[in-house]
Peer 1: 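Pasting a structure below so you can have a look.
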There are 2 protein chains.
Amino acid sequence: MNIGTAAEKSGLPAKTIRYYEDIGLVRPDRAGNGYRHYSTGDVHRLRFVQRARSLGFSVGECRQLLSLYDDRARESMEVKTIAKAKLAEIDCKIAELAGLRDVLAHLVANCHGDHRPDCPIIDELSGEAATG
Amino acid sequence: MNIGTAAEKSGLPAKTIRYYEDIGLVRPDRAGNGYRHYSTGDVHRLRFVQRARSLGFSVGECRQLLSLYDDRARESMEVKTIAKAKLAEIDCKIAELAGLRDVLAHLVANCHGDHRPDCPIIDELSGEAATG
DNA sequence: TTCAAACCTTCCAGTAACTGGAGATTTGGC
DNA sequence: GCCAAATCTCCAGTTACTGGAAGGTTTGAA
């Protein structure tokens, strides 16, 4: 498929997809006319990157994640080690998101839509959680 | 406290803290000698931003989140509406992270540290999850 | 008091990861 | 063949930092 379709299916703008090719994240075939040609596998990779980027992983980290994703068959001890580190990282992110969620949820629950002084819960939450 | 201490306590480099002042995210007092002076409240804001940024929220979104965090007492209907939208966004991010986590967990679980052909589970997962 | 180390200041340049736009080419419908 | 839409390349601009120069301030030892 062409880049437009790949963009649609991956949720990434065509511009970004070309950029990802520039930096070597996804390497599509080229048709005779010079147009990029994406396989469904390419689209999966793109979607994978889209997800990881939107969750705060750097492009470098995405590259690592992709290499895990790609090279799952060879040298898997090394792959497994990196995967485990990434798993821990993701768990940490999930915990932090949950913390952030709590802050907002308390905010929504405690400020009743009228004028109120302030919510000590929020202060407390902002002081706690996620020091490391 | 001075910027160095604020940096240490917030988990942000001093450079970044100065940048956040430039763009108006955190406005510390100034001492007579021109040094920035941070309150514990300032540090809470900084930590809040640090968390949100590391979780994939843009600076603009952080600004919104901070305004929720700040203005919890005035015009709270509007605040509440934005807070709810952000809550939904965060829930979505949590779900996506959980998806990513599954991909890696399957990878770790299924590639046993020796040479194996490939894991159809991964293919399947990459095809599913997080289309919206 | 003087000096160095460690802090702080501003400013400017560089990097990462896009993002928008110009200008040329290709495709597909009329 | 014509034209709009999609694609191409290339280059410039934006966002969110990040590093470094050049200099002022504070602290503590000699």
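All values derive from a computational prediction rather than experimental measurement. Heavy atoms only: backbone and side chains are in, while hydrogens, waters and symmetry mates are out. Here is the naming used below: chain letters follow the sequence lines, and residue numbers restart at 1 for every chain.
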Peer 1: Which listed nucleotide (C/dT9, C/dT27, D/dT7) is nearest to the side chain of A/R18?
Peer 2: D/dT7
Peer 1: If only side-chain N and O atoms of A/R30 are considered, is one of them under 4.0 Å from the OP1 or OP2 phosphate oxygen of D/dT9?
Peer 2: yes
Peer 1: Under 4.0 Å: is that the gap between some side-chain N or O of B/R36 and OP1 or OP2 of C/dT9?
Peer 2: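 Affirmative; the distance criterion is met.
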Peer 1: When the distance from CG of A/D22 to P of D/dC8 is rounded to whole Å, what number comes out?
Peer 2: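 In whole Å, D/dC8 P and A/D22 CG are 12 Å from each other.
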Peer 1: Under 4.0 Å between a side-chain nitrogen and a carboxylate oxygen: does that hold for A/R101 and A/E96?
Peer 2: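 Salt bridge absent between A/R101 and A/E96.
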Peer 1: Between B/E21 and B/R27, is there a side-chain N and carboxylate O pair less than 4.0 Å apart?
Peer 2: no
Peer 1: In whole angstroms, how far is the C1' atom of C/dT26 from the NE2 atom of A/H37?
Peer 2: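 About 16 Å, once rounded to whole Å.
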Peer 1: Take atom CG of A/N33 and atom P of D/dA5, then tell me their distance rounded to the nearest Å.
Peer 2: 20 Å
Peer 1: Rounded to whole Å, please give me the gap between CZ in B/R63 and C1' in D/dA16.
Peer 2: 12 Å
Peer 1: Locate the shortest heavy-atom distance separating B/S58 from B/R53; write the atom from each residue and the value.
Peer 2: CA-NH1, 3.6 Å
Peer 1: Given C/dC18, is OP1 or OP2 found less than 4.0 Å from the side-chain N or O atoms of A/Y20?
Peer 2: yes
Peer 1: On DNA chain D, check which nucleotide each of A/Y35 and B/S58 is closest to and give me the residue with the more 5' one.
Peer 2: A/Y35
Peer 1: So which one's nearest nucleotide on DNA chain C is more toward 5', B/G4 or B/K15?
Peer 2: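 The residue whose closest nucleotide sits nearer the 5' end is B/G4.
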Peer 1: Is the charged tip of A/K93 near the ring of A/F57: under 6.0 Å from the six-membered ring centre and within 45° of its axis?
Peer 2: yes
Peer 1: Whole-Å distance between C/dC18 C1' and A/L25 CG?
Peer 2: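 Answer to the nearest Å: 13 Å.
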Peer 1: Atom CZ of A/R53 to atom P of D/dA16: distance rounded to whole Å?
Peer 2: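 Computing the A/R53:CZ to D/dA16:P distance gives 12 Å.
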Peer 1: Rounded to whole Å, please give me the gap between CG in A/D29 and P in D/dC8.
Peer 2: 13 Å
Peer 1: Begin with the C-alpha distance, continue with both residues' side-chain angles, and end with the deciding distance and a verdict on side chain to side chain donor-acceptor pair (under 3.5 Å) for B/D42 and B/S39.
Peer 2: CA-CA 5 Å; B/D42 289 333; B/S39 67; 3.3 Å; yes
Peer 1: Considering only side-chain heavy atoms of B/Y19, which listed nucleotide, C/dC18, D/dT18, C/dC8, is closest?
Peer 2: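 The closest nucleotide is D/dT18.
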Peer 1: Identify whether any heavy atom of B/I3 sits under 4.0 Å from a base atom; if not, whether one sits that close to sugar-phosphate; answer base, sugar-phosphate or nothing.
Peer 2: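 If one applies the 4.0 Å heavy-atom cut-off, B/I3 turns out to touch the sugar-phosphate alone, with no base involved.
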Peer 1: Can a side chain N or O of B/T16 be found less than 4.0 Å away from OP1 or OP2 on D/dT18?
Peer 2: yes
Peer 1: I need the CD-C1' distance between A/E21 and C/dC18, as an integer number of Å.
Peer 2: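 Rounded to whole Å, this separation is 16 Å.
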